Amino acid sequence: MRLTCLALILPLLGLAQWDGNTTPTYPELIRIYQKLDAAHREIELYAMGESDTEYPIYLLVLNGAGDSLKTFQKARENTTVLVNNAIHAGEPDGVNACLLWIEEWIKKGKQLEDLPVIAIIPAYNVGGMLNRSSTSRANQDGPAEYGFRGNAQNLDLNRDFIKMDSKNMRTFAGIYQALDPDIFVDTHVSNGADYQYTLTFIQPTKEKMTVHLMSLFRQKYLPDLTQTLKKKGWDWAPYVETKGETPESGIEAFNDLPRYAQGYASLFQAFSITVETHMLKPFPQRVRATKDYLDFLFHWSKTHASEVEDARNKARMNAR
């Protein structure tokens with residue numbers, strides 16, 4: 001089964017030397033994950049609920065417990081990272097980055113002891129994934145075809161986390177509450193501005209974090225992030241918005257309100273981060289940057305598991 005699985009993935013990604021300009025369709029993506037699930041006992045794939053199409057929303061869990069009830073219990077009792085991909089389906093960097101990371105992890109021997117529970121939504125916006133073209137993201141440098149920002153109802157799913165107008169969000173809420181992740185990552189590609197960085201991040205709004213989460217974030221996470229990514233060849237910058245039409249009007253931090261995925265996760269005292277790669281950089285470069293960040297985060301989360309759990313517990317006490 002492993003040879004069959006890799007034979008399916010290799011033409012798409014090409015191991016660590018992948019430099020292509022393609023991203024899978026939703027049916028192709030799920031077939032890859034189904035093959036991974038069948039070939040590796042460490043990988044579990046679950047159909048979690050309805051989307052806005054005939055296809056369900058899936059969840060992959062790595063380092064689970066072998067069946068859904070035990071796996072979700074393990075996730076709630078241990079440090080867990082949840083990655084959400086393709087909420088805007090025209091921004092598929094996380095889709096490919098997760099496949100590439102899993103492929104390299106398999107190649108390296110599938111070591112689990114240095115990883116937390118890792119949960120991945122392969123592609124959240126199923127309707128947008130099915131609506132493919134090469135033109136819906138003006139000036140984006142690849143891939144050759146990609147999905148659309150809106151879902152099948154033309155809703156922006158990253159504005160729906162309080163309204164819950166979509167079937168997708170109701171399924172997401174079930175996934176999120178079942179896992180209760182300690183760290184949440186939403187993968188995106190920036191839209192419009194030009195700058196030198198491939199990687200930018202929407203970090204948690206400091207005014208919304210408790211002192212314990214903020215201390216861990218400022219004193220451990222940010223220095224480790226900068227140092228590790230520097231070794232991999234990446235500088236990064238905070239994601240900012242301009243107050244007017246130009247940078248001369250001033251810049252400000254993005255306000256991660258609960259209408260957004262990141263803001264929703266922050267309501268539950270999670271470390272919540274949005275990755276925004278730069279749309280004017282080549283797709284392979286953006287994918288590698290996203291993959292390298294996820295690799296850092298997965299291992300950092302395990303190394304600092306007790307500190308993350310302690311900070312979240314104290315944050316919950318403060319929220320009561």
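Predicted model only: the values in this text are computed from it and were never measured.
Between Tyr221 and Phe296, the angle of the ring planes lies from 30° to 60°, which puts this pair in the tilted group. Between Trp101 and Phe298, the ring planes are perpendicular. Angles over 60° get that label, and only those under 30° would be called parallel.
Considering all non-hydrogen atoms of both residues, Ala65 and Thr71 come closest at N-OG1, 2.9 Å. Minimum heavy-atom separation, Leu155 to Ser166: CD1-CB, 4.1 Å. Among all heavy-atom pairs drawn from Cys98 and Val83, the shortest one is SG-CG1, 4.1 Å. Here the closest non-hydrogen pair linking Ala75 and Thr80 is O-OG1, 2.8 Å. The two residues Thr171 and Gly49 have their closest heavy-atom pair at OG1-C, 3.5 Å. Nearest heavy atoms, Ile162 versus Pro258: CG1-O, 3.5 Å.
The salt bridge (charged side-chain N to carboxylate O under 4.0 Å, His left out) check on Glu42 picks up Lys110, with sequence neighbours excluded. Applying the salt bridge (charged side-chain N to carboxylate O under 4.0 Å, His left out) test to Asp156 and every residue at least two apart in sequence or in another chain returns Arg149, Arg159. For Arg137, the side-chain hydrogen bond (donor to acceptor under 3.5 Å, both in side chains) partners two or more places apart in sequence, or in a different chain, are Glu91, Gln140. Residues passing the ring-ring contact (aromatic ring centres under 6.0 Å, His included) test with Phe201, sequence neighbours excluded: Trp236, Tyr293. The ring-ring contact (aromatic ring centres under 6.0 Å, His included) search around Tyr260 returns Phe254, not counting sequence neighbours. Among residues two or more places apart in sequence or in another chain, the ring-ring contact (aromatic ring centres under 6.0 Å, His included) test is passed with Phe161 by Phe172, Tyr264. For the salt bridge (charged side-chain N to carboxylate O under 4.0 Å, His left out) test, no residue two or more places apart in sequence or in another chain qualifies with Arg218. The side chain to side chain contact (heavy atoms under 4.5 Å, CB included) check on Lys230 picks up Asp235, with sequence neighbours excluded. His212 pairs by the ring-ring contact (aromatic ring centres under 6.0 Å, His included) definition with nothing, not counting sequence neighbours. With sequence neighbours excluded, the residues satisfying salt bridge (charged side-chain N to carboxylate O under 4.0 Å, His left out) with Lys167 are Glu50.
Using a 4.5 Å heavy-atom cutoff, the side chains of Pro282 and Asp141 are in contact. Pro27 is listed as a side-chain neighbour of Leu130, based on a closest heavy-atom distance under 4.5 Å. Looking only at side-chain heavy atoms (C-beta outward), Asn168 and Ser51 come within less than 4.5 Å of each other. Counting heavy atoms from C-beta on, the side chains of Asn63 and Ile118 never come closer than 4.5 Å. A heavy-atom distance below 4.5 Å is found between the side chains of Leu222 and Gln203. Phe72 is listed as a side-chain neighbour of Leu59, based on a closest heavy-atom distance under 4.5 Å. When side chains are defined from C-beta on, Pro24 counts as touching Leu99, because their heavy atoms get closer than 4.5 Å. Taking 4.5 Å as the limit, every side-chain heavy atom of Ser301 sits out of range of all side-chain heavy atoms of Phe271.
Tracing side-chain contacts under 4.5 Å through hydrophobic residues (I, L, V, M, F, W, Y), one never reaches Val287 starting from Tyr146; they form parts of separate clusters. Under the 4.5 Å side-chain heavy-atom criterion for ILVMFWY residues, no single connected hydrophobic cluster contains both Tyr197 and Tyr239. Taking hydrophobic clusters as Ile, Leu, Val, Met, Phe, Trp and Tyr residues chained together by side-chain heavy-atom distances below 4.5 Å, Val189 does not share a cluster with Ile273.
Taken to the nearest 0.5 Å, the OG1 atom of Thr242 stands 8.0 Å off from the CD atom of Glu252. Here the straight-line distance linking atom CE of Met129 with atom CG of Leu29 works out to 5.0 Å at 0.5 Å rounding. Taken from CD in Glu44 to OG in Ser68, the straight-line distance is 8.5 Å, to the nearest 0.5 Å. Here Thr135 contributes atom OG1 and Phe148 contributes atom CZ; the two are 9.5 Å apart, rounded to the nearest 0.5 Å. Taking CH2 of Trp234 as the start and CZ of Arg288 as the end, the distance is 8.5 Å to the nearest 0.5 Å. Between atom CG of residue Leu112 and atom NZ of residue Lys302 there is a gap of 9.5 Å, rounded to the nearest 0.5 Å.
The number of heavy atoms from other shown groups lying within 6.0 Å of CG (Asp114) is above 12. Residue-environment remark: CD (Glu245) stays at or below the threshold of 12 foreign heavy atoms within 6.0 Å. Around the CE atom of Met164, the shell of radius 6.0 Å holds more than 12 heavy atoms that belong to other residues, nucleotides or ligands. No more than 12 heavy atoms of other residues, nucleotides or ligands shown are found within 6.0 angstrom of NZ on Lys231.
Between the side chains of Glu248 and Thr246, at least one donor-acceptor pair of N or O atoms lies under 3.5 Å. Remark: the Asn151 side chain and the Asn125 side chain contain no N/O donor-acceptor pair separated by less than 3.5 Å. There is no side-chain donor-acceptor pair under 3.5 Å between Asn318 and Thr210. The closest side-chain donor-acceptor pair between Thr290 and Asp93, if any, does not fall under 3.5 angstrom. Remark: the Thr274 side chain and the Asp186 side chain contain no N/O donor-acceptor pair separated by less than 3.5 Å.
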- Item | Trace of the side chain to side chain contact (heavy atoms under 4.5 Å, CB included) decision for Ile57 with Ile175 | CA-CA 10 Å; Ile57 294 173; Ile175 293 171; 4.3 Å; yes
- Message: Show, in sequence, the C-alpha distance, side-chain angles and deciding distance for His299 and Thr228, and conclude whether the side chain to side chain contact (heavy atoms under 4.5 Å, CB included) test is met.
- Response: CA-CA 11 Å; His299 290 91; Thr228 301; over 6 Å; no
- Would you please test Val308 and Trp300 for side chain to side chain contact (heavy atoms under 4.5 Å, CB included) and show each step? CA-CA 10 Å; Val308 171; Trp300 186 90; 3.9 Å; yes
- Evaluation steps, side chain to side chain contact (heavy atoms under 4.5 Å, CB included), between Ile102 and Ile120: CA-CA 11 Å; Ile102 292 169; Ile120 298 169; 4.2 Å; yes
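A centroid separation of less than 6.0 Å is found between the aromatic rings of Tyr176 and Phe268.
Residue pairs that meet the salt bridge (charged side-chain N to carboxylate O under 4.0 Å, His left out) test with at least one member in residues 304-314, sequence neighbours left out, are Asp180-Arg312, Asp182-Arg312, Lys220-Glu307, Asp310-Lys314. Within the structure, the salt bridge (charged side-chain N to carboxylate O under 4.0 Å, His left out) test picks out the following pairs touching residues 255-272 (sequence neighbours left out): Lys208-Asp256.
Between the Ser266 side chain and the Gln262 main chain, a donor and an acceptor come within less than 3.5 Å of each other.
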